[in-house]
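To start, the structure itself, in structure tokens.
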Amino acid sequence: MVIRSQSSAAGVLALLQEPDTVFKQHALKALIPLVPQFWAEISEHIALIESLYESDDLPKPARHNAALLASKVYYFLGEYDEALSFALGAGSAFQAEARAHGAGEYVETVISNAIDRYVTLRTEEPSGSSTKIDARLQAIIESIFDRCIEEGEYRQAIGIALESHRLDVVNRIYDLTHDVSLLSYTMEAVLDTGFSLSYRDQVLNFLLPLFPPPTSLSKSPHIHALARLLVTLNRPSLVVPLLTSLIPKERLLAYQFAFDLVEGGAREFLQGVKVDLPEGKEETQDIYDKLRKILDGKESVKLYLEFLKRNNKVDMLILKNTKDVLEARTSIYHTAVTLQNAFMHAGTTSDVFLRENLEWLGLASNWAKFSTTAALGVIHKGHFEEGMNILGPYLPQAGGESQIQGAAYSEGGALYALGLINAGCGSGQPVENYLRETMKTAQGEVVQHGAALGLGISAMGGRSSDAYDDLKETLFTDSAVAGEAAGYAMGLVMLGSADRTSAEEMLTYARETQHEKIIRGLAMGLAFIFYGRQEEADSTITSLLTEKDPILRYGGVYTLALAYAGTSNNDAVRQLLHIAVSDTSDDVRRAAVTSLAFLLFKNPGQVPRIVQLLSESYNPHVRCGATLALGIACAGTGLQDAVEILEPMTKDGVDFVRQGAFIALGMILVQQSEASSPSMSSTRALYTKVVSDKHEDPMARFGAAIGQGLIDAGGRNVTISLQSRAGSKNTNAIVGMTMFCQFWYWYPLAHCACLAFEPTAIIGLNEDLKVPKFEFVSNARPSLFAYPPPATPPKRETFAKAATAVLSTTAKVKAREKKKAAADADAMDTDEKPEQKKDGDVEMKGEEGPTGKPTNGSPSTNASEDVKPKRKSEPSAENVANFSRVTPTQLAYISFPPEGRYQPVRPVSLNTVPPKTSGKGNPNAGVRKAPSGVASERYAGGGGILLMVDERPDTEAEFISFEPPVVESAPTENGHAQPQALVHHARPSIHIALDENSPDC
């Protein structure tokens, strides 16, 4: 018998009109499975179904069925709130429906709406009490929590608990599991999502006592999370008890905590911890003294400075070629080479290029001279002990400003350089007082400009009222050049303070002045004041974004970006995207797109998808903003999705879009190898081609030169990162990249990019804070993380090929005639061999000969077979010495042999890849996957400075000595790139000529 499909629900609906309740009960039960097919027909009787739900004549199960029926009808009508309301009244009927087959989508939608409504109700109640919440809704949420816990879906339960402010659920889960990784997950969820500051602090204070005390024996992986939590809370009173509890038995761990806090902690916070530490008793006094020394920040700076000096791998030939092809008498080209040299030698203290090109140096004039002198600050960044001696010949003398023509530019640049040298060093009052006094006594606006910028960078985040007042006096002189720098510096000094008085003063003056430079400086200063303050900045952001002046709206965009930096806040992203397509000013639209990077840098994988359409905009300013957004957010990741968007933009029809694309590619591909990034060699070749092309636009050549500097930044030993190694926001880097973006208006501000350069090393220290000699293992093929090959061989080969290509055509014709005319076989043999050799010189095969190793056999077979033996012979792991470069993606492959003498007190990285001897594809695959993950994972531990436990303390140890002069780092790479120690008396040899004549030697 064939069962006919039902064509209508009219018959069953008619039963609802019957006076007998039995018929009604049967009708309600029969209609529930018919809703997916006949919901439109049933919806015409929804009022009757609702009345039956409210009727007292029906028994409770029938009323539950009526509620469920109404809920399902409303679900198909798209009225999800009504569907939820009736589902709550369905009681046991809804629970039965949830267990039924085929009801998944309806049940999921209702439960999803239940969670949303519960979260909304909980967040709207300041007290967090549950008086307003429907008990039935509460019961559904509790059942969800219970089910998640029963099924082991703890992270899902924690996510709902955080959204709904139910910290008791987090506590319940931890009591059940005692899984510290869940606490770390909770902390990361609340830090990397758009929760309010007050709730964020509430959650972090709740989590802190739950973390178990760390021990070096267990190598507690939660040490990273604990350091990040303390840095975020920014309260010294919480840190001091933790450090003092570690002192008796775990002093190495205490030192490690101090170094980790220095990585991400604000200057004011670190000083507070340092002051609050007790003096200690006789046996512990030395330990506390070392802790204070570490918290000062200078110890870390010295170690990284020494690392960059010793491992400098700058390829001088790249710099030389760029200098030779860019006309030095053109200011933009001179500045381009200056910036490229500064970035490539950032922190290495190597001024070889300047010493070898004194004539080129003397061609700098006016603001190019300012930039060239300021570049010394980038090169010697972190060399705070010798900063005044290094810059002595250029700084204003005690008698006042020099009267020599052009001297003001080198003096101003030197003051700016002094600030860059001391950025993030906590060097304190002496430098700041010197810059304040110089700024007050200076008469020329150029010197004031340099002093203000230097003061702002060196006193960043110090919130010094004296420095702020001095800068305000400079601002009130209404000098456009000095006032612009004062505006930036006022914001930098009050960084993150959200000080309303300062903000009102700056905004009022910005509205009154006529100088665009001053307005821009103050607008950006306002953005710095509200850095990281999230909802506290909302009123100022709204005020700035509604201004008529586009420069103030430009400042409003950056205020929004910096206030919510690193939070990926959906509302802020939505607002920036709206501004990017709707504002009437191109500058504001470009800034809005660029600012997306500051919100999303913790999730670099999302940025290419968001920026994809903007990169194809008809407006070139929007396209330019998209390039910088990709560069800043994906910096150091080698993310192929971002590279694929940028590569077509290097051929854009507008010069400044190409410029942005070249700069962004340099940021993304920094510290990538040819084995890990397929675009590496082609990008380097593209830079060389564009820089050398005299018909290319100046702005594009400028961008390519900057890109060359960024891709090899810091002697190829730094990455660009807006996060600290512990995963917290890197304040110096975010500020540095924000200032770098202003190079659009003022090239000298590009030097601030060096604030985002993070040395990538593993520096192992013993308990005396000395650097012992030992080795650890990198469980990956050496080529994956190798330094780029030197540029010399390809250049020589190209030169030789060009020389042999210039052959006489008549000689070729005669040779061919000779071959055809030869009748004798012996004569033909003797003629062919030399001809073959000649053709071989011209053909491309000749290019492969010098690169391969000399082997027996014919050149043609060797060229094709040479690749395979290399891959087979490459080891799957390598030993790496202490004090060596280890890139962020390489950290996952680092291990310390169990039999080794030195073992770290904490894990090197949370993302470890087990060593595998077979299958060479594994390390490569791992490296390619690592950048696509969350950026905070790349820096979860981040290597850096590690305290090492000496397993054999009775055996004499060897140490790396810092006192002797450093030897040449890589003699194979063009010679003179050695990071030599600076000698005071040698400094005048690179003194920039102040009289526009030949340089002083």
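Between Trp367 and Tyr747, the distance separating the two ring centers is not shorter than 6.0 angstrom. For an aromatic pair to be called close, the ring centres must be under 6.0 Å apart, and Phe702 with Phe662 fails this. You'll find the ring centres of Tyr564 and Phe530 outside the 6.0 Å limit.
With hydrogens and angles ignored, the 3.5 Å screen pairs a side-chain donor or acceptor of Tyr416 with a backbone N or O of Pro748. Side chain of Ser682 to backbone of Ser679: a donor-acceptor contact under 3.5 angstrom is found. Judged purely by atom type and a 3.5 angstrom limit, His334 uses its side chain to pair as donor or acceptor with the backbone of Trp360. Between the side chain of Asp697 and the backbone N or O of Met699 there is no donor-acceptor pair closer than 3.5 Å. For the pair Asn341 (side chain) and Val337 (backbone), a donor-acceptor distance under 3.5 Å is absent. Panel note: side chain Thr637, backbone Leu639; a donor-acceptor pair is recorded below 3.5 Å. Side-chain atoms of Thr330 do not come within 3.5 Å of backbone N or O of Ile332 as any donor-acceptor pair. Panel note: side chain Ser371, backbone Ala368; no donor-acceptor pair is recorded below 3.5 Å. Asn357 places a side-chain N or O within 3.5 Å of a backbone atom of Phe353 that can act as its donor or acceptor partner. The backbone N or O of Leu317 sits less than 3.5 Å from a side-chain atom of Asn321, completing a donor-acceptor pair.
By the 6.0 Å contact criterion, CD on Glu516 is open, its count of non-hydrogen atoms from other residues, nucleotides or ligands being 12 or less.
Residues passing the salt bridge (Lys or Arg N to Asp or Glu O under 4.0 Å) test with Glu674: none are found, sequence neighbours excluded.
The structure places OG1 of Thr348 at 4.5 Å from CG of Asn312, a figure rounded to the nearest 0.5 Å. Taking SG of Cys634 as the reference point, atom CG of Asp641 lies at 8.5 Å (rounded to 0.5 Å). Summarising the geometry, atom CD1 belonging to Ile720 is positioned 5.0 Å from atom CG belonging to Leu710; distances are rounded to the nearest 0.5 Å. Put simply, CD1 on Ile945 and CG on Leu303 are 5.0 Å apart, with the number rounded to the nearest 0.5 Å. Interatomic distance, CG of Leu562 versus CG of Leu526, reported as 11.5 Å (0.5 Å rounding). Atom NZ in Lys381 sits 15.5 Å away from atom CG in Leu376 (nearest 0.5 Å).
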Please report, to 0.1 Å, the donor-acceptor pairs under 3.5 Å made by any side chain of residues 731-739, with sequence neighbours excluded.
from, atom 1, to, atom 2, distance (Å)
Thr731, OG1, Tyr531, OH, 3.2
Thr738, OG1, Ile734, O, 2.7

Run the side-chain donor-acceptor check on residues 480-496: report pairs under 3.5 Å with partners two or more places apart or on a different chain.
from, atom 1, to, atom 2, distance (Å)
Glu484, OE1, Lys517, NZ, 3.4

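Heavy-atom minimum distance, Gln708 versus Met344: O-CG, 4.2 Å. Taking all atoms of both residues into account, the shortest heavy-atom contact from Leu363 to Ala328 is CD1-CB, 3.5 Å. Considering all non-hydrogen atoms of both residues, Val593 and Ala580 come closest at CG2-CB, 3.6 Å. The two residues Ala664 and Gly631 come nearest to each other via the heavy atoms CB-CA, 3.7 Å. Shown here for Ala700 and Val690, the closest heavy-atom pair between the two residues is O-CG1, 4.0 Å. For the pair Gly382 and Val301, the tightest heavy-atom approach, listed with the atom from each and the gap, is O-CG1, 3.3 Å.
Of the charged side-chain nitrogens involved, at least one lies within less than 4.0 Å of a carboxylate oxygen, so that Lys320 and Asp324 count as a salt-bridged pair.
Note: Phe743 and Phe740 have tilted aromatic rings, judged against thresholds of 30 and 60 degrees for the angle between ring planes.
Using a 4.5 Å cut-off on side-chain heavy atoms (C-beta onward), Cys741 and Tyr558 make contact. Using a 4.5 Å heavy-atom cutoff, the side chains of Val352 and Glu356 are in contact. You'll find the side chain of Leu596 reaches within 4.5 Å of the side chain of Val573, heavy atoms only. Residues Val691 and Leu326 have side chains in contact (heavy-atom distance under 4.5 Å, counting atoms from C-beta outward). In this structure, the side chains of Met667 and Ile706 stay at 4.5 Å or more apart for every pair of heavy atoms. Using a 4.5 Å heavy-atom cutoff, the side chains of Asp351 and His345 are not in contact. At a threshold of 4.5 Å between non-hydrogen side-chain atoms, the residues Leu415 and Glu411 do not count as touching. At least one side-chain heavy atom of Leu665 sits under 4.5 Å from a side-chain heavy atom of Thr650.
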Evaluate the salt bridge (Lys or Arg N to Asp or Glu O under 4.0 Å) criterion for residues Arg658 and Glu696: first the C-alpha distance (whole Å), next the side-chain angles of each, then the deciding distance (0.1 Å), finally the verdict. CA-CA 11 Å; Arg658 296 200 299 280; Glu696 183 61 85; 2.7 Å; yes
Lys302 vs Glu306, test: salt bridge (Lys or Arg N to Asp or Glu O under 4.0 Å). Steps then yes/no. CA-CA 6 Å; Lys302 285 180 188 174; Glu306 190 68 27; over 6 Å; no
Apply side chain to side chain contact (heavy atoms under 4.5 Å, CB included) to Tyr687 and Thr683, showing your working. CA-CA 6 Å; Tyr687 283 151; Thr683 302; 3.7 Å; yes
Applying side chain to side chain contact (heavy atoms under 4.5 Å, CB included), run through Leu576 and Val557 and close with a yes or a no. CA-CA 7 Å; Leu576 286 177; Val557 166; 3.7 Å; yes
Test Asp587 against Arg590 for salt bridge (Lys or Arg N to Asp or Glu O under 4.0 Å), laying out the working first. CA-CA 5 Å; Asp587 285 351; Arg590 186 184 66 253; 3.0 Å; yes
Derivation and outcome, side chain to side chain contact (heavy atoms under 4.5 Å, CB included), residues Ile632 and Phe601: CA-CA 7 Å; Ile632 294 168; Phe601 64 80; 5.8 Å; no
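A donor-acceptor contact under 3.5 angstrom links the side chains of Trp746 and His449, judged on distance only. Between the side chains of Tyr333 and Arg701, at least one donor N or O lies within less than 3.5 Å of an accepting N or O. Side-chain contact, Ser568 with Asn603: a donor N or O sits under 3.5 Å from an acceptor N or O. There is a side-chain donor-acceptor pair under 3.5 Å between Asn717 and Tyr787. Side chain to side chain, Ser676 and Ser673 meet the donor-acceptor criterion of an N or O pair below 3.5 Å.
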